[in-house]
Amino acid sequence: MPKTKIKHVDHVVIRFAGDSGDGMQLTGSRFTDSTAIFGNDLSTLPDYPAEIRAPAGSLAGVSVFQLHFSSQDIHTPGDQPDVLVAMNPAALKGHLADLEPNGIIIANSDTFNKKNLHLAGYESNPLEDGSLENEYEVHAIRMTSLVIKACKNIDISLKDVERTKNMFALGLLFWMYNRSTDTTIQWLQKKFKSKPAIIEANTRALYAGYHYGDTTEMFTSRYTVEKATLPPGKYRNINGNYAISLGLLAAAEKSGLPLFFGGYPITPASEILHYLASYRNFGVKTFQAEDEIAGISAAIGASFIGNLACTATSGPGMALKTEALGLAIMAELPLVVVNVQRGGPSTGLPTKTEQSDLFQAVMGRNADAPIPVIAPSTPGDCFYAAFEASQIAIKYMTPVIVLSDGYLANGSEPWPIPKMDELPKIDVKFETEYNGKDKYLPYKRNKQTLARPWAIPGTPKLEHRLGGLEKEDVTGDVNYEADNHHLMTTLRAQKIANIANNYPPTKVFGKDNSDLLILTWGSTFGPGRVAVERLHKDKLNVSHVHLRYLNPLPIDLGGILKKFKHILIPEINTGQLRTIIRAQYVVDAKGLNIVRGRPIRASVIVNRVKKILGI
Amino acid sequence: MPKTKIKHVDHVVIRFAGDSGDGMQLTGSRFTDSTAIFGNDLSTLPDYPAEIRAPAGSLAGVSVFQLHFSSQDIHTPGDQPDVLVAMNPAALKGHLADLEPNGIIIANSDTFNKKNLHLAGYESNPLEDGSLENEYEVHAIRMTSLVIKACKNIDISLKDVERTKNMFALGLLFWMYNRSTDTTIQWLQKKFKSKPAIIEANTRALYAGYHYGDTTEMFTSRYTVEKATLPPGKYRNINGNYAISLGLLAAAEKSGLPLFFGGYPITPASEILHYLASYRNFGVKTFQAEDEIAGISAAIGASFIGNLACTATSGPGMALKTEALGLAIMAELPLVVVNVQRGGPSTGLPTKTEQSDLFQAVMGRNADAPIPVIAPSTPGDCFYAAFEASQIAIKYMTPVIVLSDGYLANGSEPWPIPKMDELPKIDVKFETEYNGKDKYLPYKRNKQTLARPWAIPGTPKLEHRLGGLEKEDVTGDVNYEADNHHLMTTLRAQKIANIANNYPPTKVFGKDNSDLLILTWGSTFGPGRVAVERLHKDKLNVSHVHLRYLNPLPIDLGGILKKFKHILIPEINTGQLRTIIRAQYVVDAKGLNIVRGRPIRASVIVNRVKKILGI
Amino acid sequence: MTDIKKIKSLDLSRMDFVTNQSLKWCPGCGDYSILKQTQRILPELGVPKEKFLFISGIGCSSRFPYYINTYGFHTIHGRATAIASGAKLANPDLSVWVVTGDGDALSIGGNHTIHLMRRNLDINILLFNNRIYGLTKGQYSPTSELGKVTKSTPMGSLDRPFNPTSLALGSQATFVARTIDRNPKHIQSILKSAYEHKGTSFVEIYQNCNIFNNGAFKDLTDKKILSENIIQLEHGQPMIFGKNHNLGIHLDGYTPKIIDLNKDDNVSIDDVLVHNEKDIVIASMLSSFTYNDNFPTPIGIIYSVDEPIYEDMLQDQINTAIEKQGKGDIQNLLNSGNIWEVK
Amino acid sequence: MTDIKKIKSLDLSRMDFVTNQSLKWCPGCGDYSILKQTQRILPELGVPKEKFLFISGIGCSSRFPYYINTYGFHTIHGRATAIASGAKLANPDLSVWVVTGDGDALSIGGNHTIHLMRRNLDINILLFNNRIYGLTKGQYSPTSELGKVTKSTPMGSLDRPFNPTSLALGSQATFVARTIDRNPKHIQSILKSAYEHKGTSFVEIYQNCNIFNNGAFKDLTDKKILSENIIQLEHGQPMIFGKNHNLGIHLDGYTPKIIDLNKDDNVSIDDVLVHNEKDIVIASMLSSFTYNDNFPTPIGIIYSVDEPIYEDMLQDQINTAIEKQGKGDIQNLLNSGNIWEVK
Ligand SMILES: Cc1ncc(C[n+]2csc(CCOP(=O)(O)OP(=O)(O)O)c2C)c(N)n1
Ligand SMILES: Cc1ncc(C[n+]2csc(CCOP(=O)(O)OP(=O)(O)O)c2C)c(N)n1
Ligand code: SF4
Ligand code: SF4
Ligand SMILES: [Mg+2]
Ligand SMILES: [Mg+2]
């Protein structure tokens with residue numbers, strides 16, 4: 001046995017980077033699974049090109065998976081990687097700058113040939129020209145050659161053999177971080193059930209990587225990251241899009257309503273359609289429409305009929321749904337609308353994350369057209385956001401927007417599996433009798449919630465007509481009168497405002513009054529929380545409030561904000577929550593606005609806070 | 001001659017109300033024309049049902065035209081009418097409540113029959129049951145019978161004869177207000193050129209009305225309203241939709257660009273399409289598209305090609321254009337987008353006015369997608385708003401939104417005819433040569449404005465590609481890099497922010513610092529100004545600022561707002577400008593939000609101000 | 001699946017389908033007649049009143065649901081077919097009818113219309129074609145004739161019109177028919193056939209807008225000339241028209257010709273083409289007569305074939321999935337995948 | 001109007017149309033071949049390079065403009081045809097090409113596509129039909145076969161597909177053709193014909209997506225069997241196909257049949273239907289072969305007729321208006337109407 005030291009570390013950030021065809025997403029997911037099952041807390045961030053298969057070797061074609069795992073409770077996929085796995089020169093070129101000083105580089109040196117170096121824009125080979133030497137720990141490994149050697153005599157094509165090089169890298173990392181190869185072997189056996197030769201090749205490559213670590217003397221250290229002390233219970237690893245799908249399914253179950261999904265594929269929301277489409281045995285009806293307008297329209301039709309209706313899209317699709325959302329507001333029909341935000345404007349950066357559709361969600365419609373808006377904070381929280389959106393939609397007879405984003409959608413974290421019998425029941429009462437003297441009054445409201453009743457087609461005696469023209473209070477007849485319109489405008493606004501009455505109290509992390517409050521929403525929860533934790537370590541008097549409810553805002557928020565000298569709002573946009581907060585509370589909140597298609601780094605927040613506090 | 005007194009009054013508000021088929025819009029327009037030519041200042045407000053021909057005699061079928069004329073400078077169509085012309089019971093029923101105490105009612109008593117009374121919801125005939133007597137000056141006149149008598153022996157159908165009763169009413173009012181019948185006679189002769197019998201009938205009816213006033217002893221008073229002292233020059237009466245069309249034509253002339261309009265009919269914006277379509281001899285190309293999306297898309301196509309491209313719509317159509325607006329932002333192409341706001345949400349109150357699309361205009365898009373927004377203040381100002389929008393669009397290579405509304409679109413006022421040679425030239429410089437070393441760089445910006453260059457297809461050597469994916473700074477190539485995206489997002493925002501550098505200083509009406517500032521935008525200019533004028537008469541220390549530029553806001557506005565104790569923002573919405581102002585300046589502006597499908601009344605503003613000031 | 005079609009007499013009458021809303025169409029509008037015929041046939045279909053659902057977009061015609069006492073939804077411009085699709089999928093047991101105009105269905109809503117037809121949900125589309133935009137006061141529509149002078153086209157429109165029945169055939173529609181507002185009996189029979197047809201039924205109804213496009217169909221409604229201008233199709237019957245039932249459609253090779261049984265030599269009823277509503281070539285040819293002055297305008301069922309129904313197949317998938325995988329259990333699903341336990 | 005079609009040789013070559021952007025389609029994608037053929041024929045059209053304008057929507061296929069060194073615009077999903085319409089109207093002198101996919105043109109963009117065809121602007125639509133959504137990673141498209149198993153339809157799709165050429169015919173298209181990525185010569189000839197046609201040219205190009213729908217057209221591209229499965233249309237020529245040019249389309253009444261000239265008795269070349277690209281009935285019939293296993297898939301020009309061109313008529317209106325009313329003078333217009341003067 002070589003004399004490798006075992007180092008104990010709290011947390012590690014690994015970034016896998018390679019060509020689109022190199023299987024980096026898969027490698028990352030496998031490492032994630034083993035790490036999750038091992039018992040670390042973790043957080044992941046996949047990042048891939050907009051092209052299906054960008055040209056091999058090009059910078060644009062690099063696909064990335066970042067994984068942060070820890071013995072502590074963590075909240076982000078990490079700012080800067082400790083380890084960069086670079087499967088080709090482009091991967092190294094594009095990601096070296098992010099690596100921690102003295103970080104580890106593991107590169108497949110077989111790919112560092114003239115053509116690839118040129119494509120990546122290298123004049124000379126960085127693995128050989130000494131440019132990396134003093135700053136990083138570099139391991140140049142001929143992975144391709146090694147897997148070819150390992151897979152000798154297996155009856156598959158050379159191409160298929162070469163493909164297993166990602167398993168080599170994975171095996172090596174398993175060795176480095178003391179992880180078991182078992183779940184990966186199981187996974188390979190299931191995935192390639194009908195292709196034993198492929199299983200064999202991948203398994204050999206995996207072991208080859210593992211043993212490479214063990215047997216070469218290249219590595220002076222191995223690392224252990226202890227189990228995290230997560231609350232007890234059953235866990236699985238989950239990404240946001242899947243969590244949303246499950247949240248909707250759970251809401252359907254708890255309300256007793258059939259689930260209807262109408263939508264149109266768009267990155268990064270398409271998987272919600274894919275997931276739900278696979279649950280026909282739950283009675284789920286998915287409808288891939290001709291466009292986003294038809295998707296939401298079909299959902300509105302299904303809502304009228306008494307389904308739990310939903311749609312999911314991203315910014316440009318959301319724009320198209322705007323007019324129909326107005327109809328759902330006027331007809332006062334429940335509807336869950338998921339927007340998985342991506343970089344914009346226009347087609348923008350379709351595979352990158354951003355938080356720039358908040359204005360659109362809260363204010364982006366013609367006329368006074370209020371809609372509740374909820375944003376999940378982590379991939380697993382997407383489940384609860386979707387569930388809660390369904391609750392509100394049904395209780396208040398209103399469309400509800402769930403604002404997820406590309407990071408939440410594709411990122412993942414260990415997720416304590418919810419127990420269905422601990423989730424609240426969602427009460428649905430379809431009208432079956434007249435609610436007026438000898439007639440049905442579709443706009444006679446519930447006194448408390450101001451919700452109108454829901455009588456669904458097929459119910460004898462309650463035949464009635466809905467529509468987009470202004471409704472008469474109580475009767476729902478068409479009405480053009482001035483006072484009625486003012487009243488209905490007010491009622492629609494009041495109904496949505498009422499929702500805040502049911503919020504749980506807003507929690508302040510840190511002191512209730514301090515020098516500075518970091519206010520976050522959506523996926524910036526993680527960086528915000530990490531930043532405050534780090535600042536607390538520095539004994540700074542800083543607190544954190546995370547907003548789940550973007551519209552209406554929590555009733556207690558105004559009181560909370562007043563107690564802080566500074567308010568800093570980090571967002572992946574040019575200042576949208578900041579605008580909303582300033583307007584509502586007339587407080588001089590400041591923004592930290594970094595629009596780079598990625599989560600904001602906790603370190604950037606820390607620095608900004610220190611600057612504000614003059615430290 | 002009967003012993004009628006001549007009374008001199010400052011201003012009069014007349015409301016013409018009748019069935020949709022009664023020709024009230026026409027009657028109102030004729031009175032307006034004569035009044036304008038006479039030399040009064042005036043302001044009009046038409047209001048008609050959403051149905052083409054609502055059932056005769058019904059409340060829903062009443063069509064209204066209100067006219068305010070004065071010897072003074074006026075700004076609104078008036079709060080409450082002095083005179084109500086009610087051509088049937090429904091017209092009386094629906095509008096009596098608005099009439100000034102002791103106001104004059106002129107009713108066509110022939111229509112007050114059982115059926116019509118019933119349709120209007122009257123139990124007994126108000127003209128006969130004494131219910132009006134003490135409160136109003138009532139003139140019940142058998143107009144229908146009188147025109148039948150007057151038109152004896154003319155060879156037209158009885159129906160056609162009966163139709164002339166509006167001319168009778170018009171004639172009577174001409175008599176009451178000492179107006180000449182000449183322009184109306186001329187108009188009849190032109191309009192019915194090929195139908196001499198119709199001219200004859202209408203003329204006789206008009207005179208019959210005039211002489212009725214003269215000869216019956218019913219009327220104890222006639223009124224004169226002296227000419228207003230308007231600035232010298234040539235005038236015409238103009239409504240907002242026409243003014244916008246002319247403004248666009250003027251901008252095309254001044255820029256030397258061909259005018260292209262792509263749009264889809266929608267109330268109350270359709271007339272802009274109609275007007276522009278009639279100017280083929282100006283080379284105007286209008287394209288009635290299959291929907292609003294195609295309308296703006298075609299305009300974007302034409303903009304790329306170097307036209308002055310525009311589209312016009314109302315709220316629901318604006319919603320549909322949202323995605324394409326994002327493309328225009330990313331491609332940085334000039335485009336004028338007119339939104340003639342109407343009551344909402346959804347189909348709402350399609351023929352009524354509202355100011356509730358401000359959020360949509362300023363913030364209603366996915367992603368960080370800033371667009372300049374301009375709102376005209378009066379019907380005539382629509383010309384200048386459209387012109388200025390074109391200037392900005394071209395200078396900054398950006399879409400620009402013009403926020404008009406139903407009142408501005410259909411309301412009218414005397415308009416000093418602009419002199420083309422006094423309007424500024426709009427500089428357009430299409431690129432024809434490389435702006436980079438040996439190549440064309442479509443995103444190499446003007447240092448001052450940050451506008452990118454405009455090279456149009458057909459120009460040799462400058463072939464290039466635009467698109468909706470994020471652009472690389474300078475080259476315009478597709479670029480997914482993090483820093484580039486942050487930079488481009490910032491540049492797009494900065495470019496729009498720069499526009500404010502060229503605004504004229506914001507004017508304060510009244511003192512620069514006072515107890516209360518009324519801040520208005522769009523068509524609420526009139527009521528706001530009138531309210532302040534009235535408050536000044538009461539010696540109250542109140543000022544008025546009107547905002548023409550809603551995005552970006554004027555640079556000097558923050559300084560101005562600070563000097564007032566209270567800020568009151570009256571809007572026909574639930575508080576949209578208020579939100580924007582509070583967010584921008586962290587001032588506790590209050591709202592006066594009356595959403596009744598009509599202009600806010602000056603008197604309501606006056607009352608609210610007094611309440612705030614504790615008076 | 002749905003059993004609505006089997007229920008017999010329910011003691012409903014026309015008056016059961018009249019609402020308390022006052023009708024707001026212009027006096028003389030063709031919409032009145034279509035409303036009335038619809039209210040007449042609904043009681044005869046054996047469907048309980050509460051199972052009818054009328055969905056419309058925006059336009060004069062789209063006010064229809066307010067006037068018919070069933071469940072109804074007056075939605076937004078162009079989207080009625082999409083909203084109806086969701087409603088029908090959510091509850092296939094409803095009898096779903098879309099009422100739409102030439103602008104609503106073919107201009108802004110064109111895409112949803114053609115997609116509904118290819119999907120073949122069991123929905124009946126009634127397209128009120130007045131060849132104009134009524135509600136917005138008279139702009140030309142996608143069915144207006146080329147050169148149409150309207151407010152938005154003072155020098156005449158420049159677009160060649162759609163032929164709605166051809167568009168329907170090109171969109172894989174399974175039922176394509178045409179009728180006219182002024183022919184109450186014909187409307188009734190076509191609406192009933194549309195109802196009977198399983199799958200999307202596309203019915204174009206020529207409708208006079210007497211305010212903005214009066215007389216658009218006068219050649220087809222004027223008693224004196226209509227028999228020369230209309231050919232009423234019957235499946236399996238020779239294509240005969242004319243005042244004296246003397247004119248027939250004859251195929252010369254693949255080229256249609258009109259023959260006069262009374263005048264032309266050597267022609268007999270056997271030379272007249274027999275209508276076959278199952279044949280796409282015949283249907284295409286008949287549809288192409290529409291704007292052709294040399295041929296009569298066909299009314300009746302142009303095309304009708306049976307094809308799989310979207311909502312039936314969806315239900316089949318659900319049934320199969322349940323059969324194969326068992327009825328979904330959400331807790332089991334949550335607990336699946338790679339699970340670990342923290343103790 | 002436009003004189004671009006008259007200019008002769010301009011000394012352009014394929015390389016003039018290659019951009020410096022690296023191509024980002026998957027290796028093996030059918031898009032490469034179509035790009036190359038397009039770059040080949042453009043220099044031969046006699047149009048100066050700067051007068052070409054390529055407009056696309058969103059999809060793999062829609063990346064096309066980045067790779068062709070003309071003016072180009074990669075727009076938003078489904079709207080290329082609408083944006084192209086505005087561009088062409090604004091400058092009829094440009095040669096405008098739309099590149100689009102089956103999702104872009106027929107799903108979200110269906111309405112703009114059919115409206116462009118009825119309007120007949122002189123624009124060439126190249127629809128890359130791979131019967132799948134490529135860019136969003138493999139959902140079924142409106143041209144996918146019924147029952148297609150994809151990510152969004154794990155139990156199979158439920159929509160009957162559009163037949164793009166039938167939809168085009170139903171939309172009053174004036175030029176409808178089809179070609180295949182694997183047949184370079186044929187693409188070139190069809191693209192040239194599309195260019196020559198005045199009016200909207202609709203060209204469906206079967207394109208293999210080797211990642212998400214590999215082999216969708218293998219029956220039509222596999223050298224061993226393609227001659228039995230494809231019929232290549234030529235105007236005025238009998239419809240012959242088959243390995244030995246032995247099979248022909250014959251009309252039995254109005255019903256198409258396949259006859260074998262080598263085997264069937266009593267049949268000769270005279271019994272074979274002659275293609276007439278001007279006949280809508282023939283075109284409809286040929287188009288209906290598309291998803292029909294009993295008939296070969298037609299490629300070539302299915303339909304081509306001359307109809308008035310939108311932008312020409314628009315220009316005529318402008319000319320006429322100027323002739324009649326004089327060139328518009330804005331100051332005069334401002335001064336018109338009821339004017340009065342305040343002194
Ligand atoms: C999004 C949107 N765009 C435009 C309109 C305006 N609009 C209402 S109805 C209509 C056309 C109506 O024509 P058609 O469908 O033929 O119905 P008709 O009135 O002739 O029955 C239009 C353009 C609208 N309501 N919504
Ligand atoms: C408004 C909007 N909705 C959805 C998308 C996502 N999207 C991009 S391309 C595409 C479909 C592409 O299919 P197709 O047009 O057939 O092109 P292909 O990639 O197959 O060439 C979709 C759904 C989008 N970009 N914009
Ligand atoms: S405008 Fe025409 S279509 Fe509309 S209600 Fe009147 S007559 Fe009927
Ligand atoms: S996904 Fe398919 S269509 Fe797209 S580039 Fe790859 S092979 Fe071509
Ligand atoms: Mg119509
Ligand atoms: Mg495709």
Side-chain angles (χ1 to χ4, degrees), chain A residues 33 36-37 39 183 230-237 246 249-250 253 258 260 262 279-285 287 289-291 293-294 297-307 309 323-324 326-327 331 417-420 456-469 477-478, chain C residues 19 21 48-56 58 65-66 68-91 93-94 111-112 114-115 314 317-318 320-331 333-343:
Chain A
D33 253 27
I37 291 177
T183 53
L230 296 169
K234 279 196 186 141
Y235 282 75
R236 62 186 293 180
N237 197 44
L246 292 175
L249 269 182
E253 166 86 14
F260 182 93
Y279 296 131
R280 288 277 189 267
N281 64 325
F282 284 78
V284 177
K285 292 179 179 167
F287 176 65
E290 56 273 24
D291 64 10
I293 301 177
S297 294
I300 289 173
S303 170
F304 185 27
I305 261 59
N307 280 14
E323 191 203 3
L327 177 65
I417 296 172
K419 299 208 181 64
M420 281 305 292
I456 62 173
T459 315
K461 296 198 309 186
L462 305 194
E463 291 85 0
H464 64 281
R465 271 70 49 195
L466 296 178
L469 287 164
D477 288 345
V478 173
Chain C
T19 61
Q21 301 292 302
K49 191 171 124 174
E50 68 273 12
K51 296 212 166 170
F52 285 111
L53 173 58
F54 278 78
I55 298 186
S56 65
I58 298 286
Y66 291 124
I68 191 151
N69 194 2
T70 63
Y71 283 95
F73 201 174
H74 175 227
T75 68
I76 44 176
H77 198 32
R79 319 302 171 189
T81 37
I83 292 171
S85 298
K88 182 73 183 178
L89 290 178
N91 186 356
D93 202 28
L94 300 172
N111 205 28
H112 311 305
I114 61 178
H115 277 268
L314 178 57
Q317 288 195 345
I318 291 175
T320 309
I322 291 175
E323 234 165 68
K324 289 204 178 151
Q325 307 163 41
K327 205 167 155 24
D329 178 306
I330 169 90
Q331 189 67 58
L333 180 64
L334 289 170
N335 291 347
S336 65
N338 267 333
I339 301 280
W340 69 96
E341 194 155 354
V342 174
K343 298 245 165 94

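Chain letters run A, B, ... following the sequence lines, proteins first, then strands; residues in each count from 1. Predicted model, so just to flag it, every value in this text is computed and none were measured.
At a 4.5 Å heavy-atom cutoff, the contact between A:Leu462 and chain C is made by backbone and side-chain atoms alike. For C:His112, the parts sitting under 4.5 Å from any heavy atom of chain A are the backbone and the side chain alike. Interface remark: A:Ile417 contributes side-chain atoms only to the contact with chain C (heavy atom separation under 4.5 Å). The parts of A:Tyr235 that come within reach of chain C are both its backbone and its side chain, each placing non-hydrogen atoms under 4.5 angstrom from that chain. For C:Lys49, the parts lying under 4.5 angstrom from a heavy atom of chain A are both the backbone and the side chain. Interface remark: A:Glu290 contributes backbone and side-chain atoms alike to the contact with chain C (heavy atom separation under 4.5 Å). With a 4.5 Å cut-off on non-hydrogen atoms, C:Thr19 touches chain A through its side chain but not through its backbone. When heavy atoms are compared at a cutoff of 4.5 Å, C:Gln21 approaches chain A solely by way of its side chain, counted from C-beta outward. Looking at C:Leu53, the atoms closer than 4.5 Å to chain A (heavy atoms on both sides) all sit in the side chain, from C-beta outward.
Counting all heavy atoms, side chain and backbone alike, C:Leu89 lies closest to A:Lys285 at O-NZ, 2.8 Å. Scanning all heavy atoms of the two residues, the minimum distance from A:Glu323 to C:Ile76 falls at OE2-CB, 3.7 Å. Nearest approach of C:Phe73 to A:Ile300, heavy atoms of both residues: CE1-CG2, 3.8 Å.
Your options are A:Ala324, A:Ala36, A:Gly306, and the one with the most heavy-atom pairs under 4.5 Å with chain C is A:Ala36. The residue among C:Thr75, C:Thr70, C:Asn91 with the most heavy atom pairs within less than 4.5 Å of chain A is C:Thr70. If you tally non-hydrogen atom pairs under 4.5 Å between each of A:Pro232, A:Ser297, A:Ser303, A:Gly467 and chain C, the highest count goes to A:Ser297. Of all the listed residues (A:Gly468, A:Gly458, A:Pro457, A:Ala298), the one sharing the greatest number of non-hydrogen pairs under 4.5 Å with chain C is A:Pro457.
Looking at heavy atoms from C-beta onward, C:Leu334 lies in side-chain contact with A:Leu246 at the 4.5 angstrom threshold. Side-chain contact between C:Asn111 and A:Ile293 is absent, with no heavy atoms from C-beta onward closer than 4.5 Å. Side-chain contact between A:Ile305 and C:Lys88 is absent, with no heavy-atom pair separated by less than 4.5 Å. Side-chain contact between A:Phe282 and C:Leu333 is present, with at least one heavy-atom pair separated by less than 4.5 Å.
For the pair C:Trp340 (side chain) and A:Gly39 (backbone), a donor-acceptor distance under 3.5 Å is absent. Side chain of C:Tyr71 to backbone of A:Thr459: a donor-acceptor contact under 3.5 angstrom is found.
Atom-to-atom distance recorded for C:Ile339:CD1 and A:Ile37:CD1 is 9.0 Å, nearest 0.5 angstrom. Rounding to the nearest 0.5 Å places NE2 of C:His74 at 12.0 Å from CG of A:Leu466.
Listed by chain and number, the residues in a side chain to side chain donor-acceptor pair (under 3.5 Å) with C:Gln331 are C:Asn335 (sequence neighbours excluded). Under the side chain to side chain donor-acceptor pair (under 3.5 Å) criterion, A:Arg465 pairs with C:Asn69, sequence neighbours left out.
For A:Lys234, the NZ atom sits in a loose shell: 12 or fewer heavy atoms of surrounding residues, nucleotides or ligands are nearer than 6.0 Å. The environment of A:Lys461 atom NZ is dense: over 12 non-hydrogen atoms of other residues, nucleotides or ligands sit within 6.0 angstrom.
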